[in-house]
Number of protein chains: 2
Amino acid sequence: MPRVKQYNEAEVIESAMGVFWQNGYKSTSLRMLSKEMGINQFSINASFGNKQNLFLESLKLYRTKLQQLLKTFEENSNGIESIKNFFYAFAEFSNQNEYKRGCLMINTMSEFGLEVDKEVGALISNYAEQLKALFKKNLEFNTTKDNDTIKRQLNYLDLAIGGLGLATKVKDNTAIEDYIEMTFNNL
Amino acid sequence: MPRVKQYNEAEVIESAMGVFWQNGYKSTSLRMLSKEMGINQFSINASFGNKQNLFLESLKLYRTKLQQLLKTFEENSNGIESIKNFFYAFAEFSNQNEYKRGCLMINTMSEFGLEVDKEVGALISNYAEQLKALFKKNLEFNTTKDNDTIKRQLNYLDLAIGGLGLATKVKDNTAIEDYIEMTFNNL
DNA sequence: TTTATTTCTAATCAATTGATTAGTTTTAAG
DNA sequence: CTTAAAACTAATCAATTGATTAGAAATAAA
């Protein structure tokens with residue numbers, strides 16, 4: 001009996017993700033979202049509840065996209081060079097757009113710091129842990145390093161990928177390439 | 001004949017800088033500023049014009065503080081180890097507060113990306129160039145490297161200090177120390 | 001066709017924003 | 001003292017925010 005939805009939720013979330021990616025959470029208004037998603041504020045509320053939850057759903061979608069990079073990374077885990085390949089893939093993914101939007105995850109970390117919403121923080125932490133596990137696996141590939149070395153190199157890679165995410169928002173491709181190359185001179 | 005100001009502009013700017021540092025530009029309201037600065041919105045307007053200009057003045061103050069780190073860096077420029085010392089000093093400066101506020105410059109870069117206000121962008125660029133010049137001086141100290149190596153190492157350090165600024169907002173001190181140590185294993 | 005149910009449109013809500021104003025108080029020169 | 005100029009207080013402005021509402025439109029089951 002009911003009237004049927006005239007939009008696809010997966011499609012409009014894709015649009016919302018793009019707006020948040022480009023502008024951040026606070027600078028994105030529901031009216032901007034409404035316009036870009038092609039539905040009005042009532043429909044946003046009906047499908048996603050509120051702005052915060054729409055942001056969370058956008059982050060989830062973003063994560064599924066990053067998950068594809070992680071999948072490739074996992075399937076091609078042959079040591080340091082594989083980590084480096086992931087760094088390049090990550091940089092390319094962050095640069096896919098005509099605009100310099102950086103990485104939505106890193107942008108969100110920077111915007112909220114430690115005072116991030118609980119669910120958002122959990123999503124980011126979960127992703128970060130998954131990534132670190134892959135770093136660890138590849139750091140240990142075909143070599144024997146003591147635990148302290150592994151731990152230090154893990155922290156190094158963890159902070160380096162964060163720096164790379166920030167860099168894709170404000171630096172040019174040459175600087176980014178130099179950075180990645182130099183980063184892996186160490187390992 | 002006129003009534004005299006009941007506040008010191010240098011002091012209230014110090015307060016304003018702290019609020020912007022902790023919350024970013026957009027999340028800081030004039031009412032928050034008014035409260036922390038101890039003067040009302042009219043006085044903010046009288047002394048600084050508007051929010052944007054108060055932010056610019058706060059950034060200028062922040063820069064004068066960083067300038068002291070640069071001075072020490074410049075006076076102690078004996079090669080790679082001096083760069084490393086600056087990294088530690090920078091991390092310590094960013095961590096001086098009970099809160100994790102990161103670096104106001106890096107925070108601002110992340111908040112606005114390439115669409116930053118012209119004057120704010122010029123201030124940040126100017127600082128970045130000054131810092132890079134010191135990096136270069138120390139990279140070249142007592143060694144002969146080809147121009148391409150210098151250029152790559154400069155980009156590496158430039159992005160690494162950005163990553164460090166981000167890290168001081170969200171990572172613990174151990175991770176930061178590991179990061180700095182590992183960064184300089186390369187050079 | 002009828003009808004119950006859901007979606008959609010467009011307007012509006014209170015709260016907050018940056019900014020400004022009218023009116024009062026203070027101050028130092030004359 | 002008197003007084004002109006500046007600073008102060010407190011209120012208010014229009015614009016924007018996230019969120020909600022009332023009523024119209026659409027749809028599929030009966």
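Below, each value reflects all heavy atoms present in this structure, side chains not excepted, and no hydrogens, waters or symmetry copies. Just so it is clear: chains get the letters A, B, ... in the order the sequence lines come, proteins before strands, and each one is counted from 1.
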| query | Do you see a donor-acceptor pair shorter than 3.5 Å between the side chains of B:Thr149 and B:Asp146? | reply | yes

| task | For B:Phe42 and C:dT21, give me the distance from atom CZ to atom C1', rounded to whole Å. | result | 9 Å

| field | Whole angstrom value for the distance that separates C1' of D:dG18 from NZ of A:Lys35 | value | 19 Å

| Has B:Asn40 got a side-chain N or O lying under 4.0 Å from the OP1 or OP2 atom of D:dT9? | yes

| Which of residues 4-26 of chain A sit near DNA chain C, with a heavy atom under 4.0 Å from it? | A:Val4, A:Lys5, A:Gln6, A:Tyr7

| message | Quiz question: by atom type and distance under 3.5 Å, do the side chains of A:Thr168 and A:Asn95 form a donor-acceptor pair? | response | no

| C:dT17 C1' sits how many Å from A:Arg31 CZ, rounded? | 13 Å

| field | d(NZ, B:Lys51; C1', C:dT17) in whole Å | value | 8 Å

| message | Quick check with a 6.0 Å cut-off and a 45 degree axis cone: is A:Lys137 positioned over the face of A:Phe73's six-membered ring? | response | no

| field | B:Leu131 side, atom CG; B:Phe86 side, atom CZ - distance, nearest 0.5 Å | value | 4.5 Å

| remark: To the nearest angstrom, the CD-C1' distance between A:Gln41 and C:dA11 comes to 11 Å

| request: Report yes if the distance between the aromatic ring centroids of B:Phe55 and B:Trp21 is under 6.0 Å, otherwise no. | output: no

| said: Taking 4.0 Å as the cut-off, does a side-chain nitrogen or oxygen of A:Ser43 come that near to OP1 or OP2 on C:dC8? | reply: yes

| Taking CG from A:Leu30 and P from D:dT16, how many angstroms apart are they, rounded to a whole number? | 15 Å

| task | Just call it for A:Ser27: base, sugar-phosphate, or nothing, with non-hydrogen atoms closer than 4.0 Å on any strand. | result | nothing

| note | When rounded to whole Å, the CD1 to P distance for the pair B:Ile44 and C:dG18 reads 10 Å

| task | Return yes if a side-chain donor-acceptor contact under 3.5 Å exists between B:Asn40 and B:Ser34, otherwise no. | result | no

| query | Are OP1 or OP2 of C:dT20 and a side-chain N or O of B:Asn45 less than 4.0 angstrom apart? | reply | yes

| Has the side chain of B:Arg3 got a donor or acceptor atom sitting under 3.5 Å from an opposite partner on the base of D:dA5? | no

| query | Quick one: B:Met32 CE to C:dA19 P, roughly how many Å, whole number? | reply | 15 Å

| request: Would you indicate what A:Ser47 reaches in the nucleic acid, counting non-hydrogen atoms under 4.0 angstrom: base, sugar-phosphate, or nothing? | output: nothing

| Roughly how far apart are A:Met109 CE and B:Leu166 CG, rounded to 0.5 Å? | 5.5 Å

